[in-house]
Amino acid sequence: MLLEFRVKNFLSIKDEIRLDLRASSITDFGESNLISTERYKILKSAVIYGANSSGKSNLLKAMSTMRRIVFQSFEKSSTSNLNIEPFLLDTVSENEPSLFEVTFLLNSLKYRYGFELTNSEIKSEWLFEAKINAEKYLFLRENDGIDVNPIYKEAKDLEEKTRDNALFLAVIDQFNGKLASQIMMWFNNFITISGLSHEKYKAVTFQLLEKKESKQLLQSFYNDLDLGFDNLEIKKKDFNTNDIPDNMPEYIVKQLMSDLEGKKIVDVKTLHKKRNPLDNSFTEVEFDMRSQESSGTNKVFNISGPIFDVLTDGGILVIDELDASLHPLLTLSITRLFNSTEHNPKNAQLIFSTHDTNLFSYGKFRRDQIYFIEKDYNFSSTLYSLVEYKGDGGISIRKDRMFEKDYIQGRYGAIPFIGNVSNTIKEWLEK
């Protein structure tokens with residue numbers, strides 16, 4: 001379970017920001033939105049609001065970037081670029097390393113792992129463990145030196161095997177370090193997806209639909225959302241060049257023919273009832289999911305695999321622009337799966353960005369689950385939760401406030417500044 005994510009000097013984020021999933025002492029909605037452990041109460045989800053270009057996507061991209069660096073680290077050569085872009089609107093930060101850190105629970109222990117890096121090398125790296133409160137380091141890396149705690153035996157004598165642009169954690173994992181392997185598995189269950197370009201995630205949905213138990217779960221989910229079809233079928237067929245659209249560029253056609261020759265193609269068909277008005281009888285007709293169903297239905301289908309994969313096995317799911325192409329009630333239904341005991345028995349966590357203000361009123365989110373992100377006077381993204389926000393006179397926001405109305409009116413910030421659009425149109429028309 002994720003306790004905290006921290007990032008600094010990455011894209012639009014100059015100064016350090018923290019997304020904290022440790023619950024505060026407020027009592028909003030009782031325990032329903034919390035994961036209770038022996039030492040912590042942890043939020044099941046967090047929603048992030050902000051204007052366009054405020055940094056919502058960059059914060060979530062920071063999570064996916066950290067995951068990418070962890071998994072690609074050992075695979076790269078000594079000359080490989082790490083593809084990191086710092087905050088470029090400051091002459092100091094553009095030459096400094098970017099920082100990424102996660103604090104999480106694993107096997108009932110708390111770990112804090114992070115690193116600082118530039119495009120060419122890892123500048124520092126650390127791993128701490130805490131059984132109760134006090135942390136002890138397992139290893140500390142600064143520039144060319146790595147200090148390994150003698151108690152962390154699986155990392156012994158691996159310091160010299162670590163390249164400047166490779167993570168020490170990844171090296172330990174490659175040499176079968178037990179804890180390192182478990183941490184890598186934790187990162188494997190830290191899934192980040194896009195709510196805008198979601199086509200590639202349907203492969204996970206296909207896998208779940210091929211299993212009887214998970215297929216029934218997904219079909220029940222689709223029926224509850226009233227997507228308009230009664231059932232669906234997954235059909236596999238041999239790849240045929242006639243299936244490639246005529247308007248596709250030639251170089252892509254050649255690549256597809258090379259990649260897919262001799263392989264199976266998966267088609268999704270939705271099943272609908274077709275009525276004969278003469279005798280009021282019904283027959284079943286197939287629709288092609290991609291070409292005959294709405295973009296919203298396609299999105300629900302594509303991301304339902306990652307959603308139920310995480311709900312079934314546990315882990316963290318991060319979705320940028322969850323509400324894109326979705327009716328507000330569909331967005332609400334997805335978030336309620338995670339803020340639920342019945343549908344979330346493995347304590348999965350959901351972190352997502354949205355512009356859907358209906359969730360303020362109907363989402364039943366605690367004030368510490370609601371985050372805002374906006375640009376400061378340095379054009380850098382800053383992050384704060386509703387429970388941290390202080391109103392007039394430095395007073396905390398009460399839980400009985402009308403959050404949606406307050407947000408739209410700009411009470412909490414993190415909204416776009418829109419000038420007098422009517423004047424702009426009038427001036428344009430008069431030209």
Side-chain angles (χ1 to χ4, degrees), residues 2-11 13 15-19 59 61-87 93 95-107 109-131 134-190 192 316:
L2 179 66
L3 298 179
E4 182 182 79
F5 177 77
R6 190 163 68 101
V7 60
K8 178 181 178 182
N9 195 28
F10 177 72
L11 296 177
I13 302 165
D15 299 318
E16 176 184 299
I17 63 176
R18 298 168 181 253
L19 181 70
L59 172 58
K61 188 174 182 179
M63 298 178 187
S64 64
T65 298
M66 183 178 192
R67 185 181 187 275
R68 171 181 64 81
I69 296 296
V70 167
F71 283 110
Q72 291 183 355
S73 179
F74 198 81
E75 301 171 0
K76 291 181 175 292
S77 70
S78 59
T79 59
S80 295
N81 193 297
L82 296 172
N83 297 318
I84 293 295
E85 184 176 305
F87 183 77
S93 65
N95 297 310
E96 292 184 336
S98 301
L99 178 147
F100 303 86
E101 182 187 80
V102 286
T103 303
F104 56 98
L105 292 184
L106 181 64
N107 301 327
L109 299 178
K110 184 180 78 171
Y111 291 93
R112 182 164 62 89
Y113 173 69
F115 46 82
E116 292 181 294
L117 73 166
T118 64
N119 256 328
S120 59
E121 62 181 335
I122 310 296
K123 290 292 188 179
S124 63
E125 186 182 0
W126 56 91
L127 176 61
F128 287 85
E129 180 185 79
K131 292 184 177 180
E135 287 185 329
K136 61 184 177 185
Y137 81 95
L138 297 183
F139 70 78
L140 292 171
R141 175 182 185 177
E142 287 290 341
N143 295 318
D144 296 331
I146 302 177
D147 178 16
V148 177
N149 192 319
I151 66 171
Y152 190 37
K153 299 185 184 303
E154 68 184 33
K156 183 180 179 182
D157 299 328
L158 297 179
E159 299 91 330
E160 297 301 320
K161 301 182 184 298
T162 306
R163 301 188 315 271
D164 289 344
N165 65 346
L167 294 173
F168 188 49
L169 179 72
V171 173
I172 303 171
D173 174 57
Q174 288 293 319
F175 285 87
N176 300 318
K178 182 179 178 180
L179 176 59
S181 176
Q182 292 174 341
I183 294 175
M184 296 294 278
M185 183 57 67
W186 183 88
F187 273 104
N188 189 57
N189 293 327
F190 191 173
T192 59
I316 305 106

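Values reported hereafter were calculated over all heavy atoms of this structure, with side chains retained and with hydrogens, waters and symmetry mates removed.
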Q) Should Y152 and E129 count as side-chain neighbours, where that means a heavy-atom distance under 4.5 Å? A) no
Q: Could you tell me whether the side chain of E125 and the main chain of L169 form a donor-acceptor pair under 3.5 Å?
A: yes
Q. Does a side-chain heavy-atom distance below 4.5 Å link L140 with N149?
A. no
Q. Would you say K136 and K131 make side-chain contact, with heavy atoms under 4.5 Å?
A. yes
**Q.** Validation row: F104, I316 side chains within 4.5 angstrom (heavy atoms)
**A.** no
Q.
Would you compute the distance between atom CD of E101 and atom CH2 of W126 and round it to the nearest 0.5 angstrom?
A. 5.5 Å
Q: Taking R163 for its side chain and S73 for its backbone only, find out whether a donor-acceptor pair lies under 3.5 Å.
A: yes
Q | Audit row: F139, L158, side chain to side chain contact (heavy atoms under 4.5 Å, CB included) steps and yes/no | A | CA-CA 11 Å; F139 70 78; L158 297 179; over 6 Å; no
**Q.** F100 and F10 aromatic centres sub-6.0 Å
**A.** yes
**Q.** Closest contact, heavy atoms only, M184 versus D173
**A.** CG-CG, 3.6 Å
Q. So F190 and F187, would you call those rings parallel, tilted or perpendicular, with 30° and 60° as cut-offs?
A. parallel
Q | K178/E154 ion pair, N-O < 4.0 Å | A | no
**Q.** Check: N119 side chain, N83 main-chain N or O, donor-acceptor pair, under 3.5 Å
**A.** yes
Q) Taking atom OG1 of T103 and atom OH of Y111, what is their separation to the nearest 0.5 Å? A) 13.0 Å
Q) Hey, mind stepping through K110 and E135 against side chain to side chain contact (heavy atoms under 4.5 Å, CB included) and telling me if it holds? A) CA-CA 9 Å; K110 184 180 78 171; E135 287 185 329; 4.3 Å; yes
Q: To the nearest 0.5 Å, tell me how far L19 CG sits from L59 CG.
A: 6.0 Å
Q: Only one of T65, T118, I122 passes side chain to side chain contact (heavy atoms under 4.5 Å, CB included) with L82; say which it is.
A: I122
Q: Compare every heavy atom of Y113 with every heavy atom of L167, then report the nearest pair and how far apart it is.
A: CD1-OH, 3.6 Å
Q) Got a second to check how far N165's CG is from T79's OG1, nearest 0.5 Å? A) 8.0 Å
Q. Can you check whether A180's main-chain N or O pairs, donor with acceptor, with Q182's side chain at less than 3.5 Å?
A. no
**Q.** Basic-acidic side-chain contact under 4.0 Å: E121, K123
**A.** yes
Q | Sub-4.5 Å side-chain heavy-atom contact between E142 and D147 | A | no
Q) Are the side chains of L127 and I183 in touch, meaning some heavy atoms are under 4.5 Å apart? A) yes
Q.
If we ignore hydrogens and angles and just use 3.5 Å, is the side chain of E116 paired with the main-chain N or O of P97 as donor and acceptor?
A. no
Q. How close do R18 and E16 get, heavy atom to heavy atom, and via which atoms?
A. NE-OE2, 2.7 Å
Q.
Nearest 0.5 angstrom please: K153 NZ to L179 CG, how far?
A. 14.5 Å
Q.
When you measure from the side chain of S64 to the backbone of T192, do you find a donor-acceptor pair of N or O atoms at a distance under 3.5 Å?
A. no
(Q) Checking the side chain of S98 only, and the main-chain atoms of N9 only, is there a donor and an acceptor separated by less than 3.5 Å? (A) yes
**Q.** N188 side, atom CG; R67 side, atom CZ - distance, nearest 0.5 Å
**A.** 5.5 Å
**Q.** Beyond-backbone contact of L2 with W186, side-chain heavy atoms, under 4.5 angstrom
**A.** yes
